[in-house]
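Read through the structure below, which is laid out as structure tokens, and then see the notes.
The figures that follow rest on heavy atoms only: side chains count, while hydrogens, waters and symmetry mates do not. Sequence lines set the chain letters: A, B, ... in the order given, protein chains first and strands last, and positions in each chain run from 1.
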Protein chains: 2
Amino acid sequence: MVVVRELFPLVGVDVALFCVDDDGLKVLLVKRAEDPYARHWALPSGVLKPHLDDSLMAAARRVLAHKVSVELPHVAEVSTFSGPTRDPRGWSIATLFYALLPKDKINALVRNKVEAVQWVSATSTRHRLAFDHEEQLQAALRALRSRVEGDVLPLHLLPEKFTLTQLQKVCEAILGRALDKSAFRRRLKGSTDLVELDEYERGPQRPAQLFKAREGFTF
Amino acid sequence: MVVVRELFPLVGVDVALFCVDDDGLKVLLVKRAEDPYARHWALPSGVLKPHLDDSLMAAARRVLAHKVSVELPHVAEVSTFSGPTRDPRGWSIATLFYALLPKDKINALVRNKVEAVQWVSATSTRHRLAFDHEEQLQAALRALRSRVEGDVLPLHLLPEKFTLTQLQKVCEAILGRALDKSAFRRRLKGSTDLVELDEYERGPQRPAQLFKAREGFTF
DNA sequence: TCAATAGTGTCTGTAAGACATTATGGT
DNA sequence: ACCATAATGTCTTACAGACACTATTGA
């Protein structure tokens, strides 16, 4: 096996699973049960299993489905980390994905979990994570932000039906800054990704119109 | 070895090496000498050699240095392609990089080449390439364009000293559309990546001021 | 003086930020 | 009537595209 390691690198996937709640943007961490980095917090990760996985992204989905039992969220590739020292077991490759989960599915997720998991603020000062996962988390965050800066709507982080105010809060949580309501909504007028519904969110004040993502929308 | 393939995927790198000449944006293709896809045109590629490479990007540089003897150009990751069928030898991973080469280094490159190589228009209608390299080429082109659209200057495609008109031509070749000179230069005024020189490119008309990239500039 | 390209000025429409105002529900 | 939030309007500024114009060299 040691010989094999010199010919073939360890191949795995890491996933930064994001969600937005009232406290802002969160990312899921898991407590590693085994070495290396046993009992350290880390991004959910796993090794590629060629007989099970049809692609690296499929491996990422399998890892998520295994570590956290939940409907599969939106997954996108960020980049690939590699080198002889990032994993003490030897030359390794890890392709990083980010995944987006709507807030209303968080509870089901955490409840069914067997290992220790934790939602932590994704924007707060750095954590102490296993491997190069701190760097990976920053890379995933950059990728997420650059898409939102590029005027793509992070609808995968919202429930099926949502108000424009909810959408704005999610964007603000990702970008880490306040957005102007008027300008934000003006931009949304020209978006083909939003579908206007004839339903309204009722509360102790004026009802807000509900929207949903366009059929086939992908972040 | 067959058994190994079921446990460990084939790991390699592919490189889309771009340059810009008077005919527009070009990409380097090599004629494959060995199976699979012998005698097919393909992007320069190679398998990862853990004992030689310190990262996937280093592997990409090694592949370039090996296939085309030239000073190492700028290299950046695009994305990673994977799956059981993209290579007939079995489950495989290929991390795609693009590389940028200034026009004035092309000649030295082609001359020293042993295998058959070819510069083809990167923007013309699709080619018939080995593996999934057509898709990869499109992905590399998208990545390149999105950076230039994002107002990053592709200075790695220019000689050390260049005129603003040359810079504009390079941007136009990448984007595939004409840019307005006035607006283009107005934007450049605010760029910290350009350094004004006290030299001028002389010709049969008004001389043009020369510029160079900021120290430490990276595309 | 002319050709050719470098470099600048001006006008206009679009879009964003800031901020005020109106609208509409519940209580 | 009042509160809270939704939704819209207005003003200003910044910037990009279009296009005309001026500047400077060699021939």
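As judged by a 4.0 angstrom heavy-atom cut-off over every strand, Ser182(B) is placed among the base-contacting residues. At a threshold of 4.0 angstrom between heavy atoms, the contacts of Arg186(B) include nucleobase atoms, whether or not backbone atoms are also involved. When heavy atoms are screened at a 4.0 angstrom cut-off, Arg202(B) is found touching the sugar-phosphate backbone but no base atom. Nucleic acid contact class of Pro204(A) (heavy atoms, under 4.0 Å, all strands): base.
Remark: the backbone N or O of Leu43(B) is paired with a side-chain donor or acceptor of His133(B) at under 3.5 angstrom.
Salt-bridge check for Glu172(B) with Arg177(B): failed, with every basic side-chain N at 4.0 Å or more from each acidic carboxylate O. With respect to Asp132(A) and Arg86(A), a salt bridge is recorded, a charged nitrogen being found less than 4.0 Å from a carboxylate O. Between Asp22(B) and Lys103(B), at least one side-chain nitrogen of the basic residue sits less than 4.0 Å from a carboxylate oxygen of the acidic one, meeting the salt-bridge criterion.
At dA23(C), none of the side-chain N or O atoms of Arg206(A) fall inside 4.0 Å of OP1 or OP2 (strictly under the cut-off). When the side-chain nitrogen and oxygen atoms of Lys189(A) are compared with OP1 and OP2 of dT8(D), one or more of them lie within a distance under 4.0 Å.
In this structure, the CD atom of Gln166(B) is 9 Å from the P atom of dA6(C), given to the nearest Å.
Checked against dC19(C), dT8(C), dT8(D), the side chain of Arg185(B) finds its nearest nucleotide in dT8(C).
With the nearest nucleotide of DNA chain D identified for both Ala183(A) and Ala208(A), Ala208(A) has the one nearer the 5' end.
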